[in-house]
Structures are given as structure tokens and as C-alpha cells.
Amino acid sequence: MATILGQNQYGKAENRVVKITRDGDTHHIKDLNVSVALSGDMDDVHYSGSNANVLPTDTTKNTVYAFAKEYGIESAEQFGIHLARWFVNSQEPIQRARIRIEEYAWDRIATSDANSKFIGSDEVNHSFVRKGMETRVTQITYDGQNWEVISGLKDLIVMNSTNSEFWGYVKDKYTTLQEAYDRILATQVSGRWRFNWSDDEQRMPNWEKSYAETKKHMLQAFAETYSLSLQQTLYQMGSRIINHRSEIDEVRFSLPNKHHFLVDLEPFGLKNDNEVYFAADRPYGLIEATVLRDGADARIPVDMTNL
């Protein structure tokens, strides 16, 4: 039975690109997921395997990162227009380019009014929280006499675009990671905190105010910590909560390190001065720990999956 080729396209899907624009100490973020689909005179590659008209998908990926540096990212629409025009105009066999972009928006974290005791700065302009925010969770246990309330949140994505380092770690024959003295620090916060309210004779916390204030102190600690490790940042986040919220005795965090790697743009004659990053999905480092009020017992489960 004779067959013919129908509609076809190819490209590189889900190119995660993060562009940092540095306006002095104030940073601006554009975080995109870019998918490229190209079509045109591609019959031969399907029928005979000839790649004569094929622009490699790896090249389309490289173009996304190079354009982030060369043109910046004014908007998702404008960035997509630059890419589509380039692919169609620069490659005769390509007759149609479809660029799909998802943009992940970030809000700047409002820091505390007082001088930061961590980095000594009144203004922090490099710390962000992903719009869309978190899912709030709580677990209440009651046995007829005693209450246990463990509240928290998950899927709260935060980022520092500078003021983070990672160096001085153990190295063996399998170590390839380069030491970093200025890196992006990003994580997707899953946190739980346990209240010391346990019976009806005690004054019940104001749950709404407690949640809002706990989240505020957690975010401020993330923004105001000059981080030498995600572990250090985690401990400062938990400590800030314990020190400012008397109703909470225990905090546990699970923080995946959402790695951002500098893209090598030298093959294209471009210098990447901590501007264009590849946002890796997996594998990721996972940092977990509990922070306790002195004298308190640890009761939040180590595995918070079902909590």
C-alpha cells in the first residue's frame, strides 16, 4: 500500500531559560519555558533520512539561550517574535516556526524594616517569590483531651539571584562540580510548623495572623541571609520563625535545590556574565532539617509526604 507524508514538524521543546537583568543592586527576572517547532521542506529527512535541510534541535536550543543574551527578554511575545523570525528568515527550508512560551512570574520579597542582622542591608533587591503562591496545609489531631496542630505550606517557590555561594566542599575522584562564588539560589519550599497550643485551657493562637506572620518571617530570612549553603539558609528560616512566633516550638523544612546553571555562550562569541541560566528540572539536591525551640521535642514526622 502506498503511503505519503502528511503534516510534520520538529524542534526542541521546553527550553528553560532564566534571564537576570542587573540594574545596579536591583535585579529583574524573566523566567521562560520555550518550545520551538519548525516545519517546511522536510520530506527528504522522512523518506531517505537525509539531514541536508535539517537544523539540529540542539541548535534551536542554543539559539534560545543566545537570543536571551543578545536581545534580552522584554516580553514573552517579543522574544518569541525574534526567534520565529530568525528561524524562518535564516533557514531557507524552514517555512514555518511555532514558538510556544510559558512565563513564570516572580514577585519581589518585601524584607524587614530594620537593618538585616544577616547581611547588614536595608534593601534587598535580588530576592523573589513565584507568583501563584503556595498551598496552605494543616493537620489537627485531637484525642479528647489534647490537641496537636501542625500547619505549613508547600509549593512556595523562592529565588535569590545573588548573595549565594557554594565552595569548600569535599572533593573526590567523582567530583566535577565547580565552586561557585556568585550563584542563583532557588528552592520550592515545603514547610511544617508545630504549635505549642495543646489543650483548651490555653489561649488559642490567632491562626490567620500566625500563618501570615510565619510566612513573612520565613521569606525575610530567605531574602536577608547571605547564603554559603542551602542548609544555612534553611536554619535561618526556621530560627527566624521560632524567635518571632512564641506559639511555635518546631519547624521542619524540605527544600529541593532548584539548580540554575550558567549557559556556555562562548561558542557563539558571547560572554555570559551571570545573566543567562539553564533551569534544571532534575536531578536536584534535597535539603531537609528540623529547627526546634530549645527544650522542645521533635514531633513533626521526618517524612512529610502524607502530612
Side-chain angles (χ1 to χ4, degrees), residues 4-24 26-108 126 128 130-132 157 159 161-162 184 186 258-282:
I4 59 171
L5 178 67
Q7 191 279 337
N8 61 89
Q9 60 192 36
Y10 79 104
K12 191 71 102 180
E14 299 200 50
N15 300 281
R16 285 297 312 280
V17 56
V18 175
K19 175 67 168 67
I20 306 294
T21 302
R22 299 166 186 267
D23 182 12
T26 300
H27 295 184
H28 306 276
I29 290 178
K30 282 291 187 178
D31 186 351
L32 306 182
N33 192 14
V34 182
S35 292
V36 177
L38 307 176
S39 56
D41 184 6
M42 298 294 160
D43 287 5
D44 284 349
V45 69
H46 289 87
Y47 289 137
S48 69
S50 170
N51 292 313
N53 287 347
V54 175
L55 183 72
T57 63
D58 188 69
T59 302
T60 68
K61 175 201 70 178
N62 292 340
T63 305
V64 170
Y65 292 120
F67 272 38
K69 169 64 178 179
E70 291 190 271
Y71 296 101
I73 302 177
E74 176 185 336
S75 65
E77 291 83 0
Q78 190 61 54
F79 189 61
I81 289 169
H82 281 311
L83 287 169
R85 180 181 290 120
W86 169 262
F87 289 126
V88 172
N89 290 347
S90 68
Q91 302 293 325
E92 184 176 348
I94 295 174
Q95 299 161 7
R96 184 172 183 269
R98 187 193 69 197
I99 313 296
R100 287 181 171 173
I101 300 177
E102 297 175 341
E103 179 172 355
Y104 309 117
W106 296 81
D107 280 326
R108 203 174 300 280
H126 58 260
F128 304 86
R130 263 271 290 274
K131 287 183 179 178
I157 301 178
M159 174 192 290
S161 55
T162 190
I184 286 178
K258 299 180 76 66
H259 298 296
H260 289 67
F261 299 108
L262 278 172
V263 179
D264 181 10
L265 299 178
E266 289 187 2
F268 323 124
L270 300 171
K271 181 180 179 181
N272 191 358
D273 187 17
N274 291 333
E275 296 171 90
V276 180
Y277 296 83
F278 164 61
D281 177 53
R282 61 196 63 172

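When reading the values below, keep in mind they use all heavy atoms of this one structure, side chains included, and skip hydrogens, waters and symmetry mates.
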### Query
Could you go step by step and tell me if Asn274 and Arg22 meet the side chain to side chain contact (heavy atoms under 4.5 Å, CB included) rule?
CA-CA 9 Å; Asn274 291 333; Arg22 299 166 186 267; 3.2 Å; yes

Please give me the minimum heavy-atom distance between [X] and [Y], naming the atom from each residue.
{"X": "Gly11", "Y": "Thr57", "result": "O-CG2, 3.4 Å"}
{"X": "Lys19", "Y": "Ala68", "result": "CE-O, 3.1 Å"}
{"X": "Lys61", "Y": "Asp58", "result": "NZ-OD1, 2.9 Å"}
{"X": "Asn53", "Y": "Met42", "result": "O-CE, 3.1 Å"}
{"X": "Ser75", "Y": "Lys30", "result": "CA-NZ, 4.4 Å"}

### Task
Fit a plane to each ring of His27 and His126, take the angle between them on a 0 to 90° scale, and name the class: parallel (under 30°), tilted (30 to 60°) or perpendicular (over 60°).
tilted

Is the shortest side-chain heavy-atom distance between [X] and [Y] below 4.5 Å?
{"X": "Ile20", "Y": "Ile29", "answer": "yes"}
{"X": "Leu83", "Y": "Thr63", "answer": "yes"}
{"X": "Arg108", "Y": "Thr26", "answer": "yes"}
{"X": "Val54", "Y": "Tyr10", "answer": "yes"}
{"X": "Lys12", "Y": "Val64", "answer": "no"}
{"X": "Lys69", "Y": "Asn272", "answer": "no"}
{"X": "Tyr65", "Y": "Asp264", "answer": "no"}

Measure the [atom1]-[atom2] distance between [X] and [Y] for me, rounded to the nearest 0.5 Å.
{"X": "Phe79", "Y": "Glu74", "atom1": "CZ", "atom2": "CD", "value": "12.0 Å"}
{"X": "Trp106", "Y": "His28", "atom1": "CH2", "atom2": "NE2", "value": "16.0 Å"}
{"X": "Ile184", "Y": "Phe261", "atom1": "CD1", "atom2": "CZ", "value": "11.0 Å"}
{"X": "Phe87", "Y": "Thr60", "atom1": "CZ", "atom2": "OG1", "value": "5.0 Å"}
{"X": "Ile73", "Y": "Leu32", "atom1": "CD1", "atom2": "CG", "value": "4.5 Å"}
{"X": "Ser35", "Y": "Arg16", "atom1": "OG", "atom2": "CZ", "value": "11.0 Å"}

### Query
Heavy-atom count around Glu14 CD within 6.0 Å, excluding the residue itself: above 12?
no

Would you be so kind as to tabulate the donor-acceptor pairs closer than 3.5 Å made by side chains of residues 90-102, with sequence neighbours excluded?
from: Ser90; atom 1: OG; to: Trp86; atom 2: O; distance (Å): 2.6
from: Glu102; atom 1: OE1; to: Asn33; atom 2: ND2; distance (Å): 3.4
from: Glu102; atom 1: OE1; to: Tyr104; atom 2: OH; distance (Å): 2.7

### Task
Name all residues meeting the ring-ring contact (aromatic ring centres under 6.0 Å, His included) criterion together with His82; count only those two or more places apart in sequence or in a different chain, and write none if there are none.
Tyr71

### Query
Where the side chain of Tyr277 meets the backbone of His259, is there a donor-acceptor pair that is under 3.5 Å apart?
no

### Message
Given 3.5 Å as the limit, does a donor-acceptor pair link the side chain of Asn15 with the main chain of Val34, or not?
### Response
yes

### Task
Mind running side chain to side chain contact (heavy atoms under 4.5 Å, CB included) on His46 and Asn8 for me, showing each step along the way?
CA-CA 9 Å; His46 289 87; Asn8 61 89; 3.4 Å; yes

